Structure formats: structure tokens, C-alpha cells
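Please read the structure below before turning to the comments.
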Amino acid sequence: ALLRAAQSSEVFTAVQGRVVRLDVVEGQRVQVGQVLAVLTSPELDYRLARARSREQVLKYELAAVAFDPGFRERAQVLEQELGGAAAARLGFDREREKLTLTAAIAGRVVDLDPTLKAGQWVDAPAKLMVVVGNGGAAIEALVEEHDLERLSQGDACRFHPDNPSWPVLDCAVAAVDKVGSSVLELRELADASGGPIAVRQLDKQMVADRAYYRVRLSVAEAPAPVMQIRGTAVIDGGRTSLLGGLLRSVAAVLIRELGV
């Protein structure tokens with residue numbers, strides 16, 4: 001099971017570059033669209049400059065071709081080349097926009113890379129920070145197919161964190177996926193991260209040896225968490241407890257606490 005903020009947004013670099021400035025600190029509250037960090041990429045700047053220059057040259061040639069006796073045939077070729085040059089320039093413009101990292105949601109900055117500073121080069125993709133929303137907490141669990149028939153929306157459950165300093169949380173089944181997957185999106189559950197589910201790497205994805213179904217659990221009056229902790233969710237599916245099944249398939253929790 002994965003206990004986390006109901007809203008969170010991981011901030012990754014999409015383009016390799018150098019940090020020009022870092023506009024936030026750990027724990028800072030941010031608004032939607034607020035700039036978090038700005039990067040620069042000399043290589044991208046060079047490609048963009050060349051693309052713009054090529055586009056301008058083609059525009060000039062297209063304007064001047066009216067004086068060419070072979071105007072129509074040459075104009076068609078230039079128009080096609082200009083369209084390709086404009087598309088290339090637009091692509092580089094969009095890549096450059098990705099160098100300015102902004103907040104996708106309102107909330108608080110957590111898990112900020114402590115080594116991040118102006119002048120530092122960062123790869124792509126690289127996780128720089130997380131913005132945790134202002135809402136409460138939510139839980140996601142994984143169960144095997146044979147447990148599905150025991151689950152119903154509204155079933156009561158309790159989350160037992162492995163860390164004894166965290167309280168047991170009451171929760172309820174909010175939704176159950178109808179389609180399972182062997183691709184493990186909740187990476188904290190993988191054995192490579194200390195979780196109970198054995199996985200193998202396949203095309204940069206973590207793949208389990210069987211399909212798991214995602215169960216979303218609602219939590220009442222719990223603050224948005226911030227730190228990672230392992231635990232177990234126990235769901236009372238009708239008259240049968242799912243403790244056994246969940247212990248086999250669910251044993252990790254991500255807690256991201258905003259703090260008050």
C-alpha cells in the first residue's frame with residue numbers, strides 16, 4: 001500500500017542543462033505556475049539559433065524567388081523547406097521552455113535535492129523536488145486477482161505503518177481497478193526498493209511475475225504526508241479479512257507530510 005498526499009507532483013528535468021537559479025527552498029509554499037528553477041542549455045541554444053537562422057534564410061529566398069523565371073517550381077520547394085525549418089524551430093522553442101521548471105499544483109516543496117545549486121549541471125530526466133498538495137492523504141494498495149471478489153467500494157480498512165511512531169489510520173475502499181498489470185508503477189513496492197514484490201527490469205520498467213490490481217483507499221482527517229514508511233493495509237472484505245492476501249502483495253507506504 002502507498003500512503004501519500006492526495007495531490008503531489010514530482011519535478012523532473014526534461015532537458016539536460018545547467019542550473020541558472022533555484023527559486024525555492026525545502027518546505028516553501030508555492031502556487032500553480034510559480035517558477036521553481038531555471039536551467040540553460042548551450043547546446044539547445046546553439047541548435048535553436050541555427051534553426052531560426054535557417055528559417056529566416058528560407059523566408060528571404062522565398063520572397064526573392066518571384067524574380068526567378070522558374071518561380072513556381074522553386075517556390076514549392078522553398079515552401080516545403082520553410083515548413084520543415086519552422087517545425088524544427090518550434091520544436092527547439094518548446095524544448096527551451098522546458099528549461100523553466102514551474103509548479104503544476106499549489107502546495108509545499110519537499111524532497112528538494114540537497115546538492116542542487118546554481119551552476120550545477122543536471123542530467124535528464126532527473127528528479128529535483130516534489131510539490132505536495134494542500135489536501136489530505138490517500139492510500140493506494142495492490143492486490144492479486146483472487147482477492148478482488150472480496151473487495152467492495154466502502155469496505156472498511158486500517159493502515160498499519162511499520163514505523164511504530166506513526167499511528168494506525170482508518171480508511172475505506174474508494175475504488176478498485178478492473179484491469180490488472182504486471183508493470184509495477186508503485187516502485188516503492190519492488191524488492192529493489194526493499195518491498196515485497198519481486199520484479200525484473202524490462203525496457204526500463206519494473207515487471208512483476210503476475211498481475212496486480214490497484215485499490216484506492218480514502219483516509220479521513222489525515223494530513224498530507226511527507227516521508228516514506230512501510231506498512232500493511234488490512235481490508236475487511238465483507239466477512240473475510242484480506243490480511244493474508246495483503247501481506248503477500250502489499251508492504252510499502254510512501255508518506256509525504258506537509259507539516260504544520
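These numbers come from a predicted model, not from an experiment. All values below come from the heavy atoms of this structure, side chains included, with hydrogens, waters and symmetry mates left out.
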Are Glu55 and Arg52 close enough for a salt bridge, meaning some N to O gap below 4.0 Å? no

Any side-chain heavy-atom pair of Arg214 and Leu142 under 4.5 Å: yes

How many angstroms lie between atom CG of Asp170 and atom CG of Leu217, to the nearest 0.5 angstrom? 12.0 Å

Find out whether Leu44 and Leu99 are in side-chain contact, i.e. whether some heavy atom of one side chain is under 4.5 Å from a heavy atom of the other. yes

Could you state whether Met129 and Val15 fall into the same hydrophobic cluster, counting links through intermediate Ile, Leu, Val, Met, Phe, Trp or Tyr residues with side-chain heavy atoms under 4.5 angstrom apart? yes

Please examine the side chains of Leu48 and Arg89, heavy atoms only from C-beta on, and report whether any two atoms are closer than 4.5 Å. yes

Which distance, rounded to the nearest 0.5 Å, do you find between the CG of Asp111 and the NZ of Lys127? 5.0 Å

Shortest non-hydrogen contact from Arg18 to Gly119? CG-O, 3.6 Å

Are any of the side-chain heavy atoms of Arg108 and Gln28 separated by less than 4.5 Å? no

Of all pairs that satisfy salt bridge (Lys or Arg N to Asp or Glu O under 4.0 Å), the ones with a partner from residues 114-125, not counting sequence neighbours: none

Nearest 0.5 Å, what's the CD-CD distance between Glu95 and Glu97? 10.0 Å

SB check Asp209 Arg200 (cutoff 4.0 Å): no

Atom CD of Gln31: over 12 foreign heavy atoms under 6.0 Å: no

